[in-house]
Amino acid sequence: MSVTLDQFFNHRPTTEISRDLLGKRFSYRGASAWITETEAYVGAKDQAAHGYQNHKAKWNRALFMAPGTIYVFTMYGSNLLNFITQPVGNPQGVLIRGVQPASGIKLMEQRRHKKGFNLTNGPGKLCTAMGINLSINTQSLAKSQLHLDLVDNAKHPERIATSGRIGVPHKGKWTTAPLRYYVAGNPYVSKMPKSKMNLKTYGWK
DNA sequence: CACTGGATGCCCT
DNA sequence: GGGCATCCAGTGA
């Protein structure tokens with residue numbers, strides 16, 4: 001059963017794609033990691049989204065490109081990684097908020113100057129650990145050195161938990177809508193309390 | 001663990 | 001100059 005980028009990103013709601021990305025592995029610059037936490041940003045009507053009211057600017061142009069496009073932007077000095085999920089002109093995407101290191105952990109520790117779960121349990125942290133910066137913004141996953149593996153090497157969540165999105169205050173239903181998805185119990189999820197971590201299975205089947 | 005405030009790099013949303 | 005889909009260290013419990 002092989003899945004193409006087009007099948008994965010181009011024919012389904014962004015929310016469904018966000019859930020399905022949990023457990024997928026991607027690799028880049030000598031390291032690889034499994035996705036543990038995502039957030040859906042659902043386009044022109046979404047007050048929390050960069051594409052709200054179809055706002056276009058140089059910095060967010062990747063949002064309006066083809067499904068499977070990489071969207072990286074910088075804030076507070078951190079880079080944040082997203083994948084675009086709808087046809088050209090429909091500015092929806094998935095923010096990658098957490099990953100579990102799979103290989104190249106030493107390299108990640110050097111880039112982060114940290115060890116442990118802190119290595120990759122946040123959207124800015126994982127970009128630092130993986131060496132991701134603006135240089136791959138607007139690239140297609142089909143052609144990028146950042147390789148998302150939709151076929152092999154995936155893990156499968158025992159349970160997917162949801163919550164409102166992080167860092168989206170005072171936006172009414174867009175603050176509370178359950179558009180954040182994470183692997184329940186996985187320690188490489190942002191703001192995961194120790195008491196809820198499952199250190200035996202990390203939340204995988 | 002919950003909450004806080006300051007630092008931070010881009011871009012002008 | 002201000003805003004931001006963040007990070008970190010410090011505090012108090």
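A note on names: the letters A, B, ... follow the listed sequences, proteins ahead of strands, and every chain is numbered from 1.
First and last contacting nucleotides of DNA chain B toward chain A (any atom under 4.0 angstrom from a heavy atom, 5' to 3' order): dC1(B) to dT13(B).
Of all the residues in residues 172-197 of chain A, not one reaches under 4.0 Å from DNA chain C with any non-hydrogen atom. Scanning residues 108-115 of chain A for heavy-atom distances under 4.0 Å to DNA chain C yields Arg112(A), Lys114(A).
No hydrogens or angles considered: a donor-acceptor pair under 3.5 Å links the side chains of Arg180(A) and Ser163(A). Remark: the Ser18(A) side chain and the Thr38(A) side chain contain no N/O donor-acceptor pair separated by less than 3.5 Å. A donor-acceptor contact closer than 3.5 angstrom is absent between the side chains of Ser190(A) and Asn121(A). In this model, no donor atom of one side chain and acceptor atom of the other lie less than 3.5 Å apart for Asp6(A) and Thr4(A).
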Between the protein and nucleotides 1-6 of chain C, list every N/O to N/O distance that falls short of 3.5 Å.
{"from": "dA5(C)", "atom 1": "N7", "to": "Ala48(A)", "atom 2": "O", "distance (Å)": "3.4"}
{"from": "dA5(C)", "atom 1": "N7", "to": "His50(A)", "atom 2": "NE2", "distance (Å)": "3.0"}
{"from": "dA5(C)", "atom 1": "N1", "to": "Asn82(A)", "atom 2": "OD1", "distance (Å)": "2.7"}

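Between the Asn186(A) side chain and the Gly203(A) main chain, no donor and acceptor come within less than 3.5 Å of each other. The backbone N or O of Pro87(A) sits nowhere less than 3.5 Å from a side-chain atom of Asn90(A) that would complete a donor-acceptor pair. For the pair Thr120(A) (side chain) and Val99(A) (backbone), a donor-acceptor distance under 3.5 Å is present. Of the possible polar contacts, none joining the Trp174(A) side chain to the Arg165(A) backbone as a donor-acceptor pair under 3.5 Å is found. Judged by distance alone, with hydrogens and angles left aside, the side-chain atoms of Asn60(A) form a donor-acceptor pair with the main-chain N or O of His50(A) at under 3.5 Å.
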Dot-bracket, 5' to 3', for DNA chain C please: Watson-Crick or G-U pairs under 3.5 Å, [ ] where pairs cross earlier ones, | where the partner sits on another strand, dots elsewhere.
||||.|||||||.

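Taking CD1 of Ile96(A) as the start and CG of Leu126(A) as the end, the distance is 8.0 Å to the nearest 0.5 Å. To the nearest 0.5 Å, atom CZ of residue Arg19(A) and atom CD of residue Glu16(A) are 9.0 Å apart.
Residue Gly89(A) comes nearest to Asn54(A) through the heavy atom pair O-OD1, 4.0 Å, listed as atom of the first residue, atom of the second, then distance.
Taking the six-membered ring for Trp and thresholds of 30 and 60 degrees, Trp59(A) and Tyr71(A) have ring planes inclined between 30 and 60 degrees apart.
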What side-chain donor-acceptor pairs closer than 3.5 Å can you find for residues 24-31 of chain A, not counting sequence neighbours?
{"from": "Lys24(A)", "atom 1": "NZ", "to": "Asp20(A)", "atom 2": "O", "distance (Å)": "3.1"}
{"from": "Arg29(A)", "atom 1": "NH1", "to": "Gly131(A)", "atom 2": "O", "distance (Å)": "2.7"}

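Taking the ring centre of Phe64(A) as origin, the terminal cationic atom of Arg61(A) falls outside the region bounded by 6.0 Å and 45° from the ring axis.
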